[in-house]
Amino acid sequence: MKRTWAWPAVYLLGGAAVATARFLDGSPVGAVVTLLLFLLLAAVFSPLAFPMSVGAAEARRRSAADGRPVVYWRPGCTYCLRLRLRLVGRARRLHWVNIWRDPEAAEAVRAVNDGNETVPTVVVGGRPHTNPAPAWVRRQLSAAGS
């Protein structure tokens, strides 16, 4: 799937414009703080924050073959980012599915979360777990032999 840089670009350009205006108004500290905030937003919404997403069907196929969990996520989700950051280098061992890029994935998440698109939803062995603790996910990776 194509990775999108549209939102990060919007945040970077918007942040640069606001920071420039603050700087020109005589607030260099405010300009730096504003620019850092917008850089953080761009990073959170960027494809760099998560491994490459695959489609829901492909993730299920891969998970069946290797036993690794499937993580349904969406850009900008703080809980998804928390999970990603706490997994550190292990995040690439999971199969990540962006529900905003795959309607089938969004439907799968709604089906197990009372109609809500609550993420992260982690599927292990065909069983969904909504917003599990990162330590629990690490243990699932260890159990899968990853």
Side-chain angles (χ1 to χ4, degrees), residues 1-63 65-124 128-142 144 146:
M1 290 186 169
K2 184 179 176 187
R3 304 188 77 176
T4 179
W5 284 92
W7 281 111
V10 167
Y11 284 122
L12 288 175
L13 293 174
V18 173
T20 300
R22 286 190 149 199
F23 183 80
L24 294 175
D25 283 342
S27 178
V29 173
V32 169
V33 169
T34 299
L35 190 56
L36 289 175
L37 175 66
F38 277 88
L39 283 172
L40 177 64
L41 285 170
V44 167
F45 279 86
S46 81
L48 297 176
F50 292 91
M52 181 73 143
S53 288
V54 296
E58 178 65 14
R60 284 192 304 272
R61 186 192 66 73
R62 290 181 185 182
S63 180
D66 61 20
R68 294 178 183 175
V70 175
V71 179
Y72 293 96
W73 72 284
R74 64 176 169 74
C77 167
T78 56
Y79 298 105
C80 298
L81 185 62
R82 175 182 147 252
L83 177 63
R84 167 70 174 106
L85 293 175
R86 296 238 178 118
L87 290 174
V88 190
R90 296 181 183 120
R92 298 214 179 270
R93 298 179 189 162
L94 297 156
H95 303 293
W96 294 82
V97 180
N98 180 345
I99 67 168
W100 282 359
R101 307 281 288 162
D102 186 341
E104 178 188 349
E107 179 57 37
V109 169
R110 285 191 301 268
V112 299
N113 289 303
D114 299 323
N116 298 309
E117 291 183 355
T118 307
V119 290
T121 296
V122 180
V123 178
V124 179
H129 305 270
T130 303
N131 197 16
W136 180 85
V137 176
R138 279 194 301 273
R139 287 192 301 274
Q140 302 311 303
L141 281 171
S142 296
S146 302

| message | Measuring from atom CD of Q140 to atom CG of L94, what distance do you get when rounded to the nearest 0.5 angstrom? | response | 10.0 Å

| OH-CG distance between Y11 and L37, expressed to the nearest 0.5 angstrom | 10.0 Å

| task | Flag the pair L83 / V122 as yes when at least one side-chain heavy-atom distance between them is below 4.5 Å, and no otherwise. | result | yes

| request: Write out all pairs satisfying side-chain hydrogen bond (donor to acceptor under 3.5 Å, both in side chains) with one or both partners inside residues 21-31, taking only residues at least two apart or from two chains. | output: R22-T34

| said: Please find the pair of heavy atoms, one from G15 and one from F38, that lie closest to each other, and give the distance. | reply: CA-CG, 3.2 Å

| P132 versus V137, closest heavy-atom pair with distance | CG-CG2, 3.7 Å

| Should we count CH2 of W100 as having more than 12 external heavy atoms under 6.0 Å? | yes

| Inter-residue atom distance C80.SG - N131.CG, 0.5 Å rounding | 8.0 Å

| field | R92 CZ to L87 CG distance, which is reported to the nearest 0.5 Å | value | 12.0 Å

| query | Hey, does V54 have a side-chain heavy atom less than 4.5 Å from the side chain of W96? | reply | no

| Over all atoms of both residues, closest heavy-atom pair of A59 and H95 | CB-CB, 4.0 Å

| note | Closest non-hydrogen contact found for W73 with P75 is CZ3-N, 3.3 Å

| Side chain to side chain, V70 and V97, heavy atoms closer than 4.5 Å | yes

| request: Mind checking the CG-CZ spacing from D102 to R74? Nearest 0.5 Å is all I need. | output: 15.5 Å

| task | Report the distance from atom CH2 of W136 to atom NE2 of H129, rounding to the nearest 0.5 Å. | result | 3.5 Å

| note | Heavy-atom nearest pair, A133 first then R82, reads CA-NH2, 4.3 Å

| query | Has the side chain of D66 got a donor or acceptor atom that lies under 3.5 Å from a matching backbone atom of R68? | reply | yes

| query | Under a 4.5 Å cut-off applied to non-hydrogen side-chain atoms, are L24 and T20 in contact? | reply | yes

| request: For residues R86 and R138, determine if any side-chain heavy atom of one lies less than 4.5 Å from a side-chain heavy atom of the other. | output: yes

